[in-house]
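Read through the structure below, which is laid out as structure tokens, and then see the notes.
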Amino acid sequence: MDANTTLDLNEALAGLLRKCAAEPSELWRLDDGRLAARERSPEVLTLVAGWRCPEADLPEPVVPLLPWRSERRFQELRNLVQNQTVTPVLMFRFACITDGETMPLEGAIYREFDLAEWLGGAPITSVYASIDGSLAANAIVRLASGVVCSVEAATTLPAGTPTHDRHELIARRGVASDRVVDTQVPQSSVYLWSDSETARFTDTDAELLGLDSDSVALVRAASEALRRPQCRQELREEHRRLRQLVALAYESDRQRERLDVAGRLS
Amino acid sequence: MKPLKIAMLSLTHGHTRKYYQTLRDSPKLDWVAVCAENDAVEERFRRAVKDVPCYRDEAEMFDQHPDIEAVVLASANSEHARQVQMCAERGIHILSMKIPTFDLDEYDRMIDMVEGAGLVCQIELELHYNPVVKRVKQLVASGAVGPLRSMQATNITLSPVWAFPWQGVPELSYGKRVPLADGDHRFRGGALCDHPHVFDLIRWLTGSDFEHIYAEVAPNMRTDLEVEDLLLVTGKMADGCTFLLDPSWSRLEERLVEPGPGWEVFPKRMEVNLTLNGERGTLMADCFGPNVYHNGAPLDRYTVQYTYFDEWIGLIDEFCDCVRLGHTPQINLRWHRRTIEAMNACYESIARRQPVSL
């Protein structure tokens with residue numbers, strides 16, 4: 001297991017802002033999920049991972065973050081597509097299995113749908129999903145570019161198990177992935193076996209050393225939203241769209257139909 | 001047990017070379033003869049095997065060797081029905097490659113022929129004899145992850161069409177020329193037809209059958225193929241277990257006419273990975289791992305060198321036992337029919353752009 005986060009996220013974010021001399025004009029708070037929606041103050045800008053907000057329409061003081069977009073691995077995968085290192089992309093294979101507490105099934109679908117659109121550089125145009133309650137979902141979506149993407153999501157890992165995911169982009173020239181060829185599980189950068197403990201660490205950010213990779217991504221995404229106020233409305237719109245796409249997946253399962261997105265999102 | 005006198009037909013299937021070793025090594029078999037489909041195949045066979053008679057006419061081979069008790073149908077899918085009929089008429093047991101036929105009327109006639117003649121017809125789905133799959137089966141049966149709620153499986157490979165051209169010809173692979181969908185210039189007969197294993201495995205592991213199925217094709221990686229090479233499949237089993245299967249040819253290859261070192265462009269030529277999500281946990285398995293790696297000859301490219309298991313030993317053990325002891329193979333024509341129906345349903349779903357109930 002990865003070592004646990006040892007820093008307070010708000011302190012980490014404040015430190016990061018101080019370091020780059022960013023001074024947000026408003027009061028803010030990074031919500032790591034422990035803050036109930038009713039506790040959010042309208043006078044304080046609340047930054048929270050979008051998947052934690054079940055409602056599609058969020059009030060202005062709430063900024064739904066898409067933290068995975070701040071992860072180095074996803075930025076590099078996106079670069080590989082945008083720079084046409086792998087091109088043209090044809091099929092994506094995504095998987096995300098959680099313990100259900102770290103992220104519920106709807107959250108995993110939300111995350112993977114966003115990654116499909118963001119990495120592929122095109123909106124989802126159709127959804128077919130096969131879902132088992134809050135436990136497992138399998139979906140096939142198509143992007144406007146013609147890319148077909150599978151999303152495997154489940155919440156079947158034992159409590160406390162780090163999220164297991166995989167993203168593979170298949171192109172006519174080349175395949176890109178965040179997993180090593182011929183492996184099933186993520187690799188770490190540091191492994192420790194000692195008399196007193198067995199541990200592994202995956203440190204990707206020296207400025208935020210001590211935070212696990214999900215927390216690093218959340219703090220980085222929040223930092224970006226505080227430094228670039230103009231992106232907040234865009235994030236709210238993207239969140240709205242993603243919430244509706246997730247709802248469409250559940251509707252597809254209920255109706256047992258492939259659903260076109262056009263005309264179904266408000 | 002008396003060794004089974006066996007022959008091979010056609011020698012055009014991708015698994016043909018694997019049988020050369022198996023038929024030679026197995027103490028349960030006595031390899032009598034082969035019949036090659038054409039000059040190139042015969043030449044390739046004669047280079048690999050020196051001491052087994054090679055014919056070009058099936059009837060002649062059988063007439064010259066009336067002691068042949070069984071054959072391996074190592075042929076294009078389109079040849080299977082004719083060859084099964086010939087075997088039924090001669091009372092010869094059959095070990096068939098993985099797709100007897102996609103035409104279900106023809107399939108039923110094959111069942112009648114085999115059962116009418118009292119023959120063993122075993123379908124070659126070697127994963128049933130794979131040690132990783134056996135372990136997974138045991139773990140699932142023991143309730144290690146609880147009742148299965150979701151399963152994902154890959155059966156992804158490079159495309160074999162350059163070495164085995166029939167796999168890119170709709171009539172020879174699928175049995176006829178059927179467009180994938182209105183407005184799509186491709187035809188049925190590609191990657192899906194090559195990869196029945198995961199459709200079979202999910203039935204075997206869940207003990208349930210397909211309830212509905214949905215499939216979608218991506219644009220082809222290989223634009224010069226007239227059959228599909230990338231597709232994804234999802235749906236539910238009758239017990240509610242949801243699944244996602246990837247039977248694509250998504251690993252690019254050098255276009256070798258004879259498989260060998262240097263075939264891979266993507267480092268790994270083949271993968272069958274399983275993820276089983278149960279009510280009490282998750283189980284993941286790589287059916288062909290771990291492996292070794294090199295970047296040597298011929299292209300100095302980083303390559304996964306398989307440390308293959310020999311599933312063919314268990315497969316031949318079962319086949320010989322069935323013939324000698326009068327048993328029915330686990331993967332017989334009747335069991336396998338539902339798998340073929342599901343694969344046909346994938347094509348129907350692609351054409352309709354909606355799920356298909358089974």
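We name chains A, B, ... by the order of the sequence lines, and we start the count at 1 in each one. On a predicted model such as this, the values are computed, not experimentally measured, just so you know.
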Item checked: Structural part of B:T275 lying under 4.5 Å from a heavy atom of chain A -> side chain
Check: What part of B:Y293 is in contact with chain A, defined as an atom under 4.5 angstrom from a non-hydrogen atom: side chain, backbone, both or neither?
Finding: side chain
Notebook entry, point to check: For A:I170, is it the side chain, the backbone, both or neither that has a heavy atom under 4.5 Å from a heavy atom of chain B?
Noted result: side chain
Check: By a 4.5 Å heavy-atom criterion (distance strictly below it), what part of B:D246 contacts chain A: side chain, backbone, both, or neither?
Finding: side chain
Next item on the list: Pick whichever of B:V233, B:N277, B:V145, B:T223 has the most heavy-atom pairs under 4.5 Å with chain A.
Entry: B:N277
Notebook entry, point to check: Regarding A:R111 and the six-membered ring of A:W51, is the cationic atom NZ or CZ under 6.0 Å from the ring centre and inside 45° of its axis?
Noted result: no
Note to self: Report which part of B:L232 has an atom under 4.5 Å of a heavy atom belonging to chain A: side chain, backbone, both, or neither.
What the structure shows: both
Next item on the list: Flag the one option from B:R353, B:E279, B:R222, B:R280 with the top tally of heavy-atom pairs under 4.5 Å to chain A.
Entry: B:R353
Item checked: Side chain, backbone, both or neither of A:D99 within contact of chain B (heavy atoms, under 4.5 Å) -> neither
Margin query: Is A:A139 in contact with chain B via its backbone, its side chain, both, or neither, using a 4.5 Å heavy-atom distance?
Written below: backbone
Checklist line | Max heavy-atom pair count under 4.5 Å with chain A, selected residue of B:G240, B:A285, B:G289 | finding: B:A285
Margin query: Between B:E216 and A:R142, does any NZ, NE, NH1 or NH2 come within less than 4.0 Å of an OD or OE carboxylate oxygen?
Written below: yes
Item checked: Pair A:F74 + A:H167: ring centers closer than 6.0 Å -> yes
Note to self: Less than 4.5 Å to any heavy atom of chain A: does that hold for the side chain of B:L148, its backbone, both, or neither?
What the structure shows: neither
Item checked: Which atoms of B:N273 approach chain A - backbone, side chain, both or neither, heavy atom under 4.5 Å -> side chain
Item checked: Contact class of A:L90 relative to chain B, heavy atoms under 4.5 angstrom -> both
Next item on the list: Under 4.5 Å, counting heavy-atom pairs only, tell me which of B:S150, B:A218, B:P355 racks up the most with chain A.
Entry: B:P355
Notebook entry, point to check: With only heavy atoms counted, which part of A:R173 is less than 4.5 Å from chain B, the side chain, the backbone, both or neither?
Noted result: neither
Note to self: Ring centres under 6.0 Å, that's the criterion: do B:Y302 and B:H294 meet it?
What the structure shows: no
Check: Relative to B:F266, does B:R251 satisfy both conditions: NZ or CZ under 6.0 angstrom from the six-membered ring centre, and within 45 degrees of the ring's axis?
Finding: yes
Margin query: Counting only non-hydrogen atoms closer than 4.5 Å, does A:V151 touch chain B with its backbone (N, CA, C, O), its side chain (CB onward), both, or neither?
Written below: backbone
Notebook entry, point to check: Going by the angle between their ring planes, with limits at 30° and 60°, are A:Y110 and A:H239 parallel, tilted or perpendicular?
Noted result: tilted
Next item on the list: Calculate, to the nearest 0.5 Å, the distance between atoms CG and CG belonging to B:L225 and B:N220 respectively.
Entry: 6.0 Å
Check: Got a sec: does the CZ of B:R135 have more than 12 other heavy atoms crowding it under 6.0 Å?
Finding: no
Note to self: Less than 4.5 Å to any heavy atom of chain A: does that hold for the side chain of B:V265, its backbone, both, or neither?
What the structure shows: neither
Checklist line | Heavy-atom closest contact (B:R269 atom, B:E264 atom, distance) | finding: NE-OE2, 2.8 Å
Check: Going through the checks in order, is the ring-ring contact (aromatic ring centres under 6.0 Å, His included) test met by B:F210 and B:F243?
Finding: CA-CA 10 Å; B:F210 292 96; B:F243 60 85; 5.4 Å; yes
Notebook entry, point to check: Top residue by heavy-atom pair count (under 4.5 Å) with chain A, among B:G278, B:S250, B:P219?
Noted result: B:P219
Item checked: Test item: side-chain donor near acceptor, A:N138 and B:Q152, under 3.5 Å -> yes
Next item on the list: For chain B, find which of A:S126, A:S150, A:A171 contributes the most heavy-atom pairs closer than 4.5 angstrom.
Entry: A:S150
